[in-house]
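The structure under discussion appears below in the form of structure tokens.
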Amino acid sequence: MNCVIVGCGGHGRVVLDILMAEGEHRVVGFLDSNADVHGRRVDGVPVIGDLMQLERLRHEYDIEAAIVAIGDNGIRRAFADACERGGLQLINAIHPSANIAHQTTVGRNVVIAAGALVCAHCQIGDSVILNTGCIVDHETMIGTAVHICPGARLAGRVTVEAGAFVGIGATIVQSVRIGYEAVIGAGAVVIGSVQPLTTVVGVPAKTIKQRDVEDWSSWLIPKHFMDNPRLKIAEEADLPTL
Ligand SMILES: CC(C)(COP(=O)(O)OP(=O)(O)OC[C@H]1O[C@@H](n2cnc3c(N)ncnc32)[C@H](O)[C@@H]1OP(=O)(O)O)[C@@H](O)C(=O)NCCC(=O)NCCS
């Protein structure tokens, strides 16, 4: 199936590498909202335009599917909605070296990078990134547009709510709940539940920041995104759910 990767930055290159390793889709190009890179090649693949030009590009390149490779959790979710509204099927990129238990369910627009390990009876939501070498143990639920960074380890029966970010090398003990849009710092060891919109760091993890509830949808449609009239396509996106 002909597909595009939305976002040609570092994560986009990782996703290209995974799709090439999988060999199931033909990547016809990157889309990127930075017009300066249009017409260039990234790892040999042309940057053919942006999402605003999707209707024309779809026909020109016979594009059927897309995957959004943007690190920002909110933009990733919003762009995925825009791709679907534009008639594209959302695909996953799952590296052949990732190990995923049979009883696990995986949503759409999901990236599971090299060496990731997902154990029995997990639920992985839409637009999730399970990055290189992370471990997600049994019966863990990962909500929409969560990013589990490289080498992070989640024990059994953990719940990670929508839009949360679990930093590189962090450890989450069993049965805790990470609230929506929470940020777990690199290397943190989380031994109790984390409130929504809260940043925790350290061993054991302690709160360093708490955002207002009014900021709740800010990750979904960040301010700079709303201020850019060319990118209003995400305006109608639903609020994320777990
Ligand atoms: C947690 C994090 C998001 C905080 O960023 P921030 O909100 O900009 O916070 P600051 O850098 O202002 O740091 C605030 C305080 O927390 C401390 N701190 C920040 N991150 C920390 C971490 N991971 N572990 C321990 N302490 C940390 C800082 O030293 C600072 O302490 P001080 O007030 O005593 O000087 C960030 O430091 C982090 O860990 N990001 C994860 C990066 C990552 O995993 N990248 C992988 C991408 S694939």
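Computed over heavy atoms, backbone and side chain alike; hydrogens, waters and symmetry mates excluded. Note that ligands are numbered from 1 as they come in the structure, with each ligand's atoms numbered from 1 the same way.
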| request: Would you mind listing which atoms of ligand 1 come within a distance below 4.0 Å of any non-hydrogen atom of Gly185? | output: 1 (C), 23 (N), 39 (O)
| said: When you compare the side chain of Thr171 with that of Val190, does any pair of heavy atoms fall below 4.5 Å? | reply: no
| query | To which of Ile208, Val183, Ile184, Val201 does the heavy atom nearest atom 3 (C) of ligand 1 belong? | reply | Val183
| Note, Ile63 side chain near Leu57 side chain (heavy atom, < 4.5 Å) | yes
| Within the distance-only criterion (no hydrogens, no angle test), does the side chain of Asp137 pair as donor or acceptor with the backbone N or O of Ala155 below 3.5 angstrom? | no
| task | Can you confirm whether something in the protein, heavy atoms only, sits under 4.0 Å from atom 24 (N) of ligand 1? | result | yes
| note | Of all protein heavy atoms, the one nearest atom 45 (N) of ligand 1 is Phe165 CZ, 4.1 Å
| remark: Within 4.0 Å of some non-hydrogen atom of Gly167, the atoms of ligand 1 are 44 (O)
| Just to confirm, does any protein heavy atom lie below 4.0 Å from atom 35 (O) of ligand 1? | no
| In ligand 1, which numbered atoms sit nearer than 4.0 Å to a non-hydrogen atom of Lys209? | 6 (P), 7 (O), 8 (O), 9 (O), 12 (O)
| Does one side chain, of Gln210 or Thr198, offer a donor that lies under 3.5 Å from an acceptor on the other? | yes
| query | Is at least one protein non-hydrogen atom found at under 4.0 angstrom from atom 13 (O) of ligand 1? | reply | no
| message | Is it true that, when you exclude Glu60 itself, more than 12 heavy atoms of the residues, nucleotides or ligands shown sit nearer than 6.0 Å to its CD? | response | yes
| query | From atom 31 (O) of ligand 1, is the closest protein heavy-atom distance below 4.0 Å? | reply | no
| field | Any donor-acceptor N/O pair, Asn92 side chain to Ile94 backbone, under 3.5 Å | value | no
| For atom 17 (C) of ligand 1, is the nearest protein heavy atom closer than 4.0 Å? | no
| request: Report yes or no: does Cys149 have a heavy atom closer than 4.0 Å to ligand 1? | output: yes
| Atom indices of ligand 1, in the order listed, that fall short of 4.0 Å to a heavy atom of Pro150 | 48 (S)
| field | Nearest protein heavy atom under 4.0 Å from atom 41 (C) of ligand 1, yes or no | value | yes
| task | For ligand 1, find out whether one of its N or O atoms is nearer than 3.5 Å to an N or O atom of Ile168. | result | yes
| query | Do we see a donor-acceptor contact under 3.5 Å between the side chains of Asn2 and His25? | reply | no
| said: Can you confirm whether some protein heavy atom lies under 4.0 Å from atom 20 (N) of ligand 1, or whether none does? | reply: yes
| query | Are the side chain of His38 and the backbone of Gly49 linked by a donor-acceptor contact shorter than 3.5 Å? | reply | yes
| said: Tell me whether atom 28 (C) of ligand 1 lies less than 4.0 Å from at least one protein heavy-atom position. | reply: no
| Those atoms of ligand 1 less than 4.0 Å from some heavy atom in Ala186 | 22 (C), 23 (N), 24 (N), 38 (C), 39 (O), 41 (C)
| Is any side-chain heavy atom of Cys83 less than 4.5 Å from a side-chain heavy atom of Leu90? | yes
